[in-house]
Amino acid sequence: MTEHSAKIGERPAKIRALLVDDEPLARSNLKFLLRRDPDIEAIAEAGSGAEAVAEIRGTRPDLVFLDVQMPECGGFEVLEILKGDVALPVIVFVTAFDEYALRAFDAGALDYLLKPFDDARFALALQRAKEKLAAREPAAAPEVPRLTVRSAGHEIYVRIPDIDWVEAADYYVCLHVGPKSHLLRRSMAELERDLDPHIFCRIHRSTIVNLRRVRALQTDGVGEYEVILDSGQKLRLSRRFRKDLQTRMREFGGALQNAAG
């Protein structure tokens with residue numbers, strides 16, 4: 001099936017349409033209207049229900065304009081044959097008889113065009129079809145932000161959410177990621193501006209911590225506070241940043257355990 005944009009309102013990917021009607025003139029009229037739309041990539045035709053079944057099984061069109069009444073095999077029979085066989089395309093029924101409308105929607109049709117219809121009514125049906133196709137595709141996963149670290153002629157891409165903590169190292173910052181560390185030629189102030197404040201918090205003039213890694217806040221023997229990470233790493237907490245850390249942790253949804261040292 002053709003890939004479509006996941007966001008309603010964005011321009012969808014090209015659409016492959018199928019026109020099913022036993023009357024050539026009816027197919028010709030629909031084709032004329034579809035050809036005016038730049039989002040339509042291809043238009044196939046079927047003059048009977050049997051042809052429609054074969055076409056849908058073989059080419060998997062995105063959108064089908066399906067006549068209700070056709071000799072031997074009508075639109076409802078087409079859907080019944082295909083049920084459980086293939087993923088159905090978006091269906092717009094087209095007919096001169098209004099008594100089938102309720103049954104059409106029960107069968108899963110998106111829209112019901114009653115002949116004769118004008119250009120505006122057709123445009124509305126087509127727009128609904130585009131939105132339906134766009135909504136079918138899952139939203140793309142958000143891109144994970146990364147930092148590029150150059151070392152010994154290599155480029156290492158560090159995922160920012162994977163950083164446990166950061167410490168200043170002269171003209172560099174040291175990124176601690178699990179058991180590994182990476183030097184990045186940037187100042188703490190520059191890096192802090194690029195980090196999500198809901199996830200990263202300054203706890204010392206030379207230390208930034210990932211709040212997701214914080215396990216506890218404790219005092220040492222002389223009344224100074226330390227931040228304990230899940231890994232067991234202990235980091236000094238400056239009094240200047242203590243209140244901000246506690247506030248951020250509450251906002252983050254975590255609760256610091258206060259353990260006497």
Side-chain angles (χ1 to χ4, degrees), residues 3-13 131 134-261:
E3 294 184 358
H4 295 280
S5 165
K7 295 181 180 179
I8 294 176
E10 290 185 355
R11 191 179 186 85
E131 292 177 357
R136 279 186 172 185
E137 295 301 323
E143 183 178 351
V144 177
R146 304 184 181 198
L147 293 172
T148 302
V149 178
R150 293 176 176 82
S151 176
H154 294 84
E155 286 191 352
I156 300 172
Y157 303 102
V158 178
R159 291 162 42 106
I160 290 179
D162 293 342
I163 298 173
D164 299 324
W165 62 289
V166 182
E167 66 176 327
D170 292 329
Y171 298 104
Y172 292 80
V173 291
C174 184
L175 311 176
H176 294 271
V177 184
K180 299 181 179 180
S181 60
H182 308 280
L183 285 176
L184 178 66
R185 191 175 177 82
R186 296 186 67 181
S187 70
M188 288 287 282
E190 289 176 340
L191 180 61
E192 188 176 19
R193 286 194 293 267
D194 290 342
L195 298 178
D196 186 344
H198 295 96
I199 299 176
F200 290 90
C201 180
R202 179 81 74 103
I203 62 170
H204 190 274
R205 62 182 178 84
S206 61
T207 311
I208 297 173
V209 69
N210 185 336
L211 297 176
R212 290 173 174 166
R213 306 294 192 269
V214 176
R215 185 176 71 199
L217 172 63
Q218 70 179 21
T219 57
D220 60 17
V222 295
E224 296 294 330
Y225 279 87
E226 293 178 321
V227 174
I228 312 301
L229 304 187
D230 290 334
S231 63
Q233 175 72 45
K234 296 182 179 181
L235 304 173
R236 181 183 173 189
L237 172 60
S238 170
R239 292 183 180 180
R240 173 186 171 190
F241 297 104
R242 188 176 70 195
K243 184 177 180 180
D244 185 43
L245 172 64
Q246 292 171 320
T247 301
R248 296 276 192 92
M249 285 301 296
R250 284 193 293 269
E251 293 174 348
F252 184 72
L256 287 174
Q257 285 182 312
N258 290 294

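Scanning all heavy atoms of the two residues, the minimum distance from Trp165 to Thr207 falls at CE3-CG2, 3.9 Å. Summarising the geometry of Ile208 relative to Phe200, their closest heavy-atom pair is CG2-CB, 3.9 Å, with the distance given to 0.1 Å.
Between the side chain of Arg202 and the backbone N or O of Arg205 there is at least one donor-acceptor pair closer than 3.5 Å. Of the possible polar contacts, none joining the Arg239 side chain to the Tyr225 backbone as a donor-acceptor pair under 3.5 Å is found.
Legend: salt bridge (Lys or Arg N to Asp or Glu O under 4.0 Å) pairs involving residues 159-168, not counting sequence neighbours, sorted by first then second residue: Arg159-Asp162, Asp164-Arg213. Legend: salt bridge (Lys or Arg N to Asp or Glu O under 4.0 Å) pairs involving residues 168-188, not counting sequence neighbours, sorted by first then second residue: Arg186-Asp194.
Atom CG of Leu217 and atom CE of Met249 lie 9.5 Å apart (nearest 0.5 Å). The structure places CG of Leu195 at 11.0 Å from SG of Cys201, a figure rounded to the nearest 0.5 Å.
The shortest side-chain heavy-atom distance between Leu183 and Val149 does not fall under the 4.5 Å cut-off. Looking at Leu175 and Leu191, their side chains come closer than 4.5 Å, going by heavy atoms from C-beta outward. Ile199 has its side chain out of reach of Pro161: every pair of non-hydrogen atoms, C-beta onward, lies at least 4.5 Å apart. Taking 4.5 Å as the limit, some side-chain heavy atom of Val214 sits within range of a side-chain heavy atom of Leu229.
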query: Do Leu211 and Leu245 pass the side-chain contact (heavy atoms from CB on, under 4.5 Å) test, and can you show the C-alpha distance, the side-chain angles, and the key distance before you say yes or no?
result: CA-CA 9 Å; Leu211 297 176; Leu245 172 64; 3.6 Å; yes
- request: Please step through side-chain contact (heavy atoms from CB on, under 4.5 Å) for the pair His182 and Leu147, ending with a clear verdict.
  value: CA-CA 10 Å; His182 308 280; Leu147 293 172; over 6 Å; no
Under 3.5 Å donor-acceptor pairs involving side-chain atoms of residues 231-238, not counting sequence neighbours:
unit_1, atom_1, unit_2, atom_2, d
Ser231, OG, Gln233, N, 3.4
Ser238, OG, Arg240, N, 3.3

